[in-house]
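The structure under discussion appears below in the form of structure tokens.
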Protein chains: 2
Amino acid sequence: MTRKRTIKLTRFEIEIMDALWDLSSASIREIHEKLPEKKRPAYTTVQTIIRRLEEKGAVRQTKQIGNAHIFEPALTREAAHRRLIDELLDLFGGSARPLMAHLAEAGKLSLEDVRELEIMLAQKGIEESSEGESQSSKGAKARRSGKA
Amino acid sequence: MTRKRTIKLTRFEIEIMDALWDLSSASIREIHEKLPEKKRPAYTTVQTIIRRLEEKGAVRQTKQIGNAHIFEPALTREAAHRRLIDELLDLFGGSARPLMAHLAEAGKLSLEDVRELEIMLAQKGIEESSEGESQSSKGAKARRSGKA
DNA sequence: GACTGCCAACTACAATTGTAGTAGGGTTGA
DNA sequence: TCAACCCTACTACAATTGTAGTTGGCAGTC
């Protein structure tokens with residue numbers, strides 16, 4: 001276990017990562033320019049964040065063009081999203097149910113969304129049962145034992 | 001619009017609120033004792049958080065018993081949860097789809113969960129159409145205009 | 001070879017968050 | 001009445017986060 005699983009990103013850091021995920025590999029300038037003008041911070045601010053992200057192990061510097069460093073994500077958007085979701089789920093007591101209910105309640109979820117999801121799940125269920133792999137609901141709490 | 005909608009809670013604050021939501025009304029000592037022993041901070045720490053929560057308008061002091069103050073939540077758990085979800089959704093680009101997909105993918109969501117949800121949504125759909133109210137997916141971005 | 005820009009590295013600083021100590025006042029049981 | 005408690009109010013401080021300035025180097029360019 002490389003302990004990389006504990007990379008925690010702040011909201012702002014995620015926005016930077018978003019740019020980088022989109023670009024897949026970029027210089028600080030490119031990242032900076034990719035940020036929406038409205039909320040575009042100073043170039044050096046981005047630089048600072050990238051440095052911190054590097055320290056956290058979320059991005060890595062791959063090469064150098066001229067004297068500019070080129071960075072790329074060291075963790076996938078999916079992994080980051082999963083992290084975020086897990087965290088939220090934790091706050092919700094570990095179960096996705098209330099979360100779903102809220103989404104539905106707030107109209108963020110349409111009936112079609114759910115139907116499609118259902119199909120997807122059914123599909124997944126089939127695949128899984130054909131490899132004797134049951135991972136349904138043990139991940140949720142197996143995780144809570146890190147830093148006491 | 002009373003602008004109370006912008007109460008932002010940190011993770012720790014939410015844990016305190018959780019205790020208070022459960023108790024519905026309590027003194028600092030009660031809240032403190034309600035926290036799980038493992039992660040129970042000093043009494044004064046809770047006190048500090050409560051004070052901050054009060055400043056943020058998330059709890060309010062209702063009465064006094066002896067010289068002890070009794071607090072109660074000034075926002076519902078649901079509202080707080082909604083806030084959290086909205087925030088996460090924002091990070092996901094405003095759509096609940098990827099979020100759902102992730103949950104399913106991670107096995108946090110069972111087929112039954114989804115089936116039940118579907119029923120719920122269908123129900124809701126019926127109710128709504130009988131009041132000519134369509135709010136399906138415009139809430140997501142209509143919201144983004146607070147502090148630029 | 002000196003000038004102009006772009007870049008990275010370092011430093012700075014305010015706000016927020018987690019965490020708790022201390023002082024002093026009210027409450028109460030003896 | 002007074003000592004023992006409990007509670008609040010105030011203060012403190014380190015870590016994290018958002019935000020950016022300053023310095024000095026390398027790279028073309030005239």
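Protein chains get the first letters and strands the later ones, always in sequence-line order, with residue 1 at the start of each.
Applying the side-chain contact (heavy atoms from CB on, under 4.5 Å) criterion to Glu72(B), with sequence neighbours excluded, gives Ser25(B), Arg60(B), Thr62(B). Shown here are the side-chain contact (heavy atoms from CB on, under 4.5 Å) partners of Ala42(A), two or more places apart in sequence or in another chain: Thr44(A), Thr45(A). Phe12(A) pairs by the ring-ring contact (aromatic ring centres under 6.0 Å, His included) definition with nothing, not counting sequence neighbours. For the side chain to side chain donor-acceptor pair (under 3.5 Å) test, residues two or more places apart in sequence or in another chain that qualify with Glu87(B) are Arg83(B). Applying the side chain to side chain donor-acceptor pair (under 3.5 Å) test to Gln123(B) and every residue at least two apart in sequence or in another chain returns nothing. Taking Gln47(A) as the reference, nothing meets the side chain to side chain donor-acceptor pair (under 3.5 Å) condition, with sequence neighbours excluded. The side-chain contact (heavy atoms from CB on, under 4.5 Å) search around Arg77(A) returns Asp18(A), Trp21(A), Asp22(A), His81(A), not counting sequence neighbours.
If you chain together ILVMFWY residues whose side-chain heavy atoms come under 4.5 Å of each other, Ile119(A) ends up in a group of its own. Side-chain heavy-atom separations under 4.5 angstrom define the hydrophobic clusters, and the remaining members of the one that includes Ile70(B) are Ile65(B).
In DNA chain C, stems built from 3 or more consecutive Watson-Crick or G-U wobble pairs, each with both distances under 3.5 Å, span C:1-30 with D:1-30.
Here the side chain of Arg29(A) is nearest to one of dA20(C), dC7(D), dC7(C), namely dC7(C).
Atom CD in Glu55(B) sits about 15 Å away from atom P in dT8(D), given to the nearest Å. The CD1-P distance, from Ile50(A) to dT19(D), rounds to 15 Å in whole Å. The NZ atom of Lys63(B) sits 16 Å away from the P atom of dC7(D) (whole-angstrom rounding). Rounding to whole angstrom units, CZ of residue Arg51(A) and P of dC7(C) are separated by 17 Å. For the pair Ile16(A) CD1 and dA20(D) C1', the computed distance is 13 Å after rounding to whole Å. Taking atom NE2 on His32(A) and atom P on dT19(D), their separation rounds to 12 Å, with Å as the unit.
Put simply, the side chain of Gln47(A) and the base of dA9(C) share a donor and an acceptor less than 3.5 Å apart.
Put simply, the side chain of Glu116(A) never gets that close to the backbone of Asp113(A): no donor and acceptor are under 3.5 Å apart.
Residue Tyr43(B) has a polar side-chain atom (N or O) positioned under 4.0 Å from OP1 or OP2 of dT8(D).
In the region residues 64-74 of chain B, proximity to DNA chain D at under 4.0 angstrom, judged on heavy atoms, holds for Asn67(B), Ala68(B), His69(B).
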Query raised in the report: Taking it one step at a time, do Glu15(A) and Lys39(A) satisfy salt bridge (charged side-chain N to carboxylate O under 4.0 Å, His left out)?
Result: CA-CA 10 Å; Glu15(A) 277 173 43; Lys39(A) 49 165 77 174; 3.2 Å; yes

Could you pull out the protein-nucleic contacts involving nucleotides 15-18 of chain D (nitrogen or oxygen on both sides, under 3.5 Å)?
residue: dG18(D); atom: OP2; partner: Thr10(A); partner atom: OG1; Å: 2.7
residue: dG18(D); atom: N7; partner: Arg52(A); partner atom: NH1; Å: 2.8
residue: dG18(D); atom: N7; partner: Arg52(A); partner atom: NH2; Å: 3.4
residue: dG18(D); atom: O6; partner: Arg52(A); partner atom: NH2; Å: 3.1

